[in-house]
Colleague: 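Mind having a look at this structure? Questions to follow.
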Amino acid sequence: MADTLVAGTPVTAAPQVSRSIRLAAHAAALTLVPSGLWRIAIALGWDSGFTDEFLHPGNFPGAGSFYLVGLSLFAEALGLLTLGLIHRWGEELPRSVPALGGRRIPVMVAVIPASLGAALVTLITVTGAFTWNDADNMGAAGSPEGGHYWLMTACYLPLLAWGPLLAVVTVAYYRRRRRGR
C-alpha cells in the first residue's frame, strides 16, 4: 500500500498503524510550520516588529537570513522524522541506502532518540510558554508589540503540541514494533 511516491520509490505505510496515530504523526510535523514560516518571512525582509539589534528589519535580508532559514529547515527536518515512526522506512532502511539498505532498524534505535526528543521539546516549549513575557523574552525592549506580538505568539503556540504528539506516536511505534517481534 503506497502512500506517496518519492524519487520513483513508493513510501509504504507501516502495517497496523491506526488512523489516529497517523494523524498525530502528521500533526507533529506540522506544528513547526507556522514558526518556520514566521522566521522565513523575517529572513526575506518582513518587518516583524522587532527593533533589537539582531532581528531589526534593517538587517534582513542579510547574513542573519541564513541562520533563520537554516533554523527553520533544521527544525522541520526534525519534525518530519516523526513520520518515520509510521512508515516502513522507520522500521527498515530503504534498499537505496548504501551498505545498510534493507536492514531492520532496532526498535530502541528509534525509540530512545524519539523519547528524548519528545521530553526535551516538551520541557523547552512549556518552559518557553511560562517565560514568554519575561524581560529577557517577549517582555524585552525591542520585542514586537500589538498585532506583531499576537502573530508571533500564534505562530509559536502550535509548538506546545509537538512534544506530546511525538510522545504519543513514539509509544505507538514501540508497542507496534514489540508486538510484531
Side-chain angles (χ1 to χ4, degrees), residues 1-41 43 68-132 137 150-181:
M1 134 177 13
D3 286 327
T4 56
L5 196 63
V6 177
T9 306
V11 177
T12 57
Q16 303 169 348
V17 176
S18 72
R19 185 173 194 276
S20 61
I21 296 302
R22 285 184 195 291
L23 289 172
H26 285 91
L30 290 172
T31 61
L32 293 114
V33 172
S35 59
L37 291 175
W38 183 85
R39 285 188 299 270
I40 290 171
L68 292 176
V69 171
L71 176 61
S72 298
L73 293 174
F74 178 69
E76 191 58 42
L78 289 177
L80 288 172
L81 284 175
T82 307
L83 299 180
L85 300 172
I86 63 165
H87 286 286
R88 180 66 73 195
W89 57 267
E91 296 181 8
E92 180 180 306
L93 290 171
R95 298 221 180 268
S96 59
V97 174
L100 299 175
R103 292 189 182 178
R104 291 203 42 89
I105 297 171
V107 175
M108 298 313 284
V109 167
V111 169
I112 290 172
S115 298
L116 291 172
L120 186 60
V121 164
T122 301
L123 176 67
I124 290 169
T125 57
V126 168
T127 301
F130 281 112
T131 61
W132 187 252
N137 286 326
W150 289 109
L151 178 59
M152 181 179 176
T153 301
C155 288
Y156 276 83
L157 188 61
L159 291 177
L160 286 168
W162 183 20
L165 287 168
L166 177 55
V168 166
V169 176
T170 301
V171 168
Y173 174 90
Y174 176 78
R175 288 180 177 168
R176 186 182 75 253
R177 292 286 310 275
R178 297 307 271 178
R179 189 174 49 237
R181 291 183 117 210

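The basis for the numbers below is simple: all heavy atoms, side chains too, and nothing from hydrogens, waters or symmetry mates.
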Colleague: Could you tell me the separation between the OG1 atom of Thr153 and the CG atom of Leu157, rounded to the nearest 0.5 Å?
Modeller: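 Separation between the atoms: 8.0 Å.
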
Colleague: Could I get the full list of side-chain contact (heavy atoms from CB on, under 4.5 Å) partners for Pro113, not counting sequence neighbours?
Modeller: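 side-chain contact (heavy atoms from CB on, under 4.5 Å) list for Pro113, sorted by chain: empty.
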
Colleague: Under 3.5 Å, sequence neighbours excluded: what are the donor-acceptor pairs made by side chains of residues 160-173?
Modeller:
{"unit_1": "Thr170", "atom_1": "OG1", "unit_2": "Leu166", "atom_2": "O", "d": "2.7"}
{"unit_1": "Tyr173", "atom_1": "OH", "unit_2": "Gly90", "atom_2": "O", "d": "2.6"}
{"unit_1": "Tyr173", "atom_1": "OH", "unit_2": "Arg177", "atom_2": "NH1", "d": "2.5"}

Colleague: If you take all heavy atoms of Leu123 and Thr127, which pair is closest and at what distance?
Modeller: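 Shortest heavy-atom contact: O-OG1, 2.7 Å.
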
Colleague: Pairs of donor and acceptor atoms involving the side chains of residues 28-37, under 3.5 Å and at least two apart or interchain, shall be tabulated with distances.
Modeller:
{"unit_1": "Thr31", "atom_1": "OG1", "unit_2": "Ala28", "atom_2": "O", "d": "2.7"}
{"unit_1": "Ser35", "atom_1": "OG", "unit_2": "Leu32", "atom_2": "O", "d": "3.3"}

Colleague: Quick one: pull up OG1 in Thr82 and CG in Leu80 and give me the separation to the nearest 0.5 Å.
Modeller: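 So the OG1 of Thr82 and the CG of Leu80 are separated by 7.5 Å.
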
Colleague: Hey, what do you get for CG (Leu93) to CZ (Arg88), rounding to the nearest 0.5 Å?
Modeller: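 Answer for the CG-CZ pair, Leu93 versus Arg88, is 12.5 Å.
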
Colleague: Return the CD1 to CD distance between Ile105 and Glu91, rounded to the nearest 0.5 Å.
Modeller: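 With rounding to 0.5 Å, CD1 (Ile105) is 8.5 Å from CD (Glu91).
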
Colleague: Return the set of residues passing ring pair (Phe, Tyr, Trp, His ring centres under 6.0 Å) with Tyr156 (not counting sequence neighbours), or none when no residue passes.
Modeller: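 Trp38, Trp132.
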
Colleague: Roughly how far, to the nearest 0.5 Å, is OG1 of Thr131 from CG of Asn137?
Modeller: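 Output value for this atom pair is 4.5 Å.
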
Colleague: Considering residues at least two apart in sequence or located in another chain, which fulfil the side-chain contact (heavy atoms from CB on, under 4.5 Å) criterion with Ile112?
Modeller: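 Ile112: side-chain contact (heavy atoms from CB on, under 4.5 Å) contacts with Met108, Leu116.
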
Colleague: Does Arg176 reach the main-chain N or O of Leu85 with its side chain, forming a donor-acceptor pair under 3.5 Å?
Modeller: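 Indeed, once roles are kept as given, a pair shorter than 3.5 Å links the two residues.
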
Colleague: Once side-chain contact (heavy atoms from CB on, under 4.5 Å) is applied, do any residues pair with Ile40, and if so which ones, sequence neighbours excluded?
Modeller: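 Leu44, Val69, Ser72.
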
Colleague: Contact between Leu71 and Arg39 at the side-chain level, heavy atoms closer than 4.5 Å - yes or no?
Modeller: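 A side-chain contact exists here, since the closest heavy-atom pair is under 4.5 Å.
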
Colleague: Do the non-hydrogen side-chain atoms of Leu23 and His26 ever get within less than 4.5 Å of each other?
Modeller: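 Not in contact.
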
